[in-house]
Amino acid sequence: MLKGENVVLTEIRPDDSETLYRWINDAEAVRLNAPYGPVAYPRHVAWLEALGRDDSRVAFAIRETADGPLVGTIQLIDIHRIHRTAELTIRIGSPEKQGRGLGTEALKLATRFAFDDLNLQRLWLRVFQTNTRAIRAYEKTGLEVEGVMRRAAFVEGRWLDVIVMAVLRERP
């Protein structure tokens with residue numbers, strides 16, 4: 001468990017499953033960072049069961065208290081032990097919790113964990129050009145724009161540019 005001032009990063013628990021399933025099938029929320037496609041319940045269950053067996057991924061639940069309800073998730077995916085890199089993904093799934101700085105704080109905790117505990121040296125992510133709120137949160141946590149993949153995503157009938165952002169560990 002990783003504790004901040006306003007959020008706690010915990011393991012993803014079995015009782016989080018229904019909330020996560022609802023979020024992954026919320027077309028409006030998914031379209032903030034991915035093309036939407038409905039996820040069947042068996043596929044969701046298989047993903048959840050595989051979390052603890054995948055050494056290339058660390059997934060955290062974002063909560064306001066250690067025993068509180070799920071607010072969001074943050075993951076380090078495609079962890080590369082030789083290059084010491086990982087991709088970040090984050091979602092604050094509860095609409096009433098968005099825009100309150102919880103995601104920014106979760107990013108700071110996950111970044112510190114990645115650098116100090118996993119000994120990674122580079123974290124990166126992809127974000128749609130239209131997700132300005134997320135871009136601001138990423139910039140607050142030290143991520144910098146590295147480039148733009150032009151027309152890299154087709155969402156709701158239009159092409160979007162995808163911005164690549166990264167943060168490097170201060171001491172390699």
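This structure is a prediction, so every number in the text was calculated from the model and none was measured.
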Quiz item: Under the side chain to side chain contact (heavy atoms under 4.5 Å, CB included) criterion, do E64 and V71 qualify, and how do the steps go?
Solution: CA-CA 7 Å; E64 291 182 286; V71 171; 4.1 Å; yes
Quiz item: Around atom CD of E144, are there more than 12 heavy atoms of other residues, nucleotides or ligands at under 6.0 Å?
Solution: no
Practice problem: Not counting sequence neighbours, which residues clear side chain to side chain contact (heavy atoms under 4.5 Å, CB included) with T89? List them please. | Solution: Q75, I77
Quiz item: Say you draw a straight line from CG of D116 to OG1 of T111; how long is it, rounded to the nearest 0.5 Å?
Solution: 10.0 Å
Practice problem: Please state whether the rings of Y21 and H44 are parallel, tilted or perpendicular, taking 30° and 60° as the class boundaries. | Solution: tilted
Quiz item: In terms of hydrophobic clustering (I, L, V, M, F, W, Y; side-chain heavy atoms under 4.5 Å; direct or indirect links), are L70 and L48 co-clustered?
Solution: yes
Quiz item: If you measure from CG on L123 to CE on M165, what distance do you get to the nearest 0.5 Å?
Solution: 12.5 Å
Self-check item: Same apolar cluster: V162 and Y36, side chain cutoff 4.5 Å
Solution: no
Quiz prompt | Test salt bridge (Lys or Arg N to Asp or Glu O under 4.0 Å) applied to R158 and E156, step by step | solution = CA-CA 6 Å; R158 66 186 178 130; E156 291 188 287; 5.9 Å; no
Exercise. Answer yes or no: is there a side-chain heavy-atom contact under 4.5 Å between I163 and Y138?
Key: no
Exercise. For the residue pair R122 and H83, establish whether any side-chain heavy-atom pair is separated by less than 4.5 Å.
Key: no
Exercise. Verify side chain to side chain contact (heavy atoms under 4.5 Å, CB included) between L118 and R84, making sure each step is shown before the conclusion.
Key: CA-CA 8 Å; L118 297 182; R84 296 173 37 212; over 6 Å; no
Exercise. Work out which heavy atom in A134 is nearest to a heavy atom in V127; give both atom names and the distance.
Key: CB-CG2, 4.1 Å
Quiz item: Roughly how far apart are H80 NE2 and Q121 CD, rounded to 0.5 Å?
Solution: 11.5 Å
Exercise. Check R81 against D55 and note the closest heavy-atom contact, atom names and distance.
Key: NH2-O, 3.0 Å
Self-check item: Within-4.5 Å side-chain heavy-atom neighbours: R31 and T130
Solution: no
Quiz item: Just how far is it from atom CD1 of I24 to atom CZ of R43, taken to the nearest 0.5 Å?
Solution: 8.0 Å
Practice problem: Determine whether L120 and R169 make a side-chain contact, defined as any pair of heavy atoms from C-beta on separated by less than 4.5 Å. | Solution: no
Self-check item: Verdict with supporting geometry, T141 and V167, side chain to side chain contact (heavy atoms under 4.5 Å, CB included)
Solution: CA-CA 8 Å; T141 60; V167 60; over 6 Å; no
Practice problem: Drop me the distance from D117's CG to L2's CG, to the nearest 0.5 angstrom. | Solution: 7.0 Å
Practice problem: Treating Ile, Leu, Val, Met, Phe, Trp and Tyr as nodes and any side-chain heavy-atom pair under 4.5 angstrom as an edge, say whether V39 and W23 lie in one connected cluster. | Solution: no
Quiz item: With hydrophobic residues grouped by side-chain heavy-atom distances under 4.5 Å, do I74 and L51 end up in a single group?
Solution: no
Quiz item: Is the shortest heavy-atom distance from the side chain of Y41 to the side chain of E18 under 4.5 Å?
Solution: yes
Self-check item: Minimum-distance pair of heavy atoms, taken over all atoms of R63 and T65
Solution: CB-O, 3.2 Å
Self-check item: Side-chain heavy atoms of W47 within contact of S17, under 4.5 Å
Solution: no
Practice problem: May I have the step-by-step check of side chain to side chain contact (heavy atoms under 4.5 Å, CB included) for L32 and F128, ending in yes or no? | Solution: CA-CA 7 Å; L32 289 173; F128 291 159; over 6 Å; no
Exercise. Give me the other members of the hydrophobic cluster that F154 sits in, counting Ile, Leu, Val, Met, Phe, Trp and Tyr linked by side-chain heavy atoms under 4.5 Å, directly or via other members.
Key: W159
Quiz item: What pair of heavy atoms forms the shortest contact from I12 to A59, and how long is it?
Solution: CD1-CB, 3.8 Å
Quiz prompt | Transitive ILVMFWY side-chain link L160 to V164, under 4.5 Å | solution = yes
Quiz item: More than 12 foreign heavy atoms under 6.0 Å from CZ of R100: is that the case here?
Solution: yes
Quiz item: In Å and rounded to the nearest 0.5 Å, what is the CG to CG distance from L76 to L125?
Solution: 11.0 Å
Quiz item: Can you find a heavy atom in the side chain of L109 that is under 4.5 Å from one in the side chain of K3?
Solution: no
Quiz prompt | Exceeds 12 heavy-atom contacts within 6.0 angstrom, atom CD of E96 | solution = yes
Quiz prompt | Heavy-atom closest contact (V7 atom, L102 atom, distance) | solution = CG1-CD2, 3.5 Å
Quiz prompt | Positive for side-chain contact (heavy atoms from CB on, under 4.5 Å) with I90, one of T73, I62, N33 | solution = I62
Quiz item: Does the side chain of R91 come within less than 4.5 Å of V30's, by heavy atoms?
Solution: yes
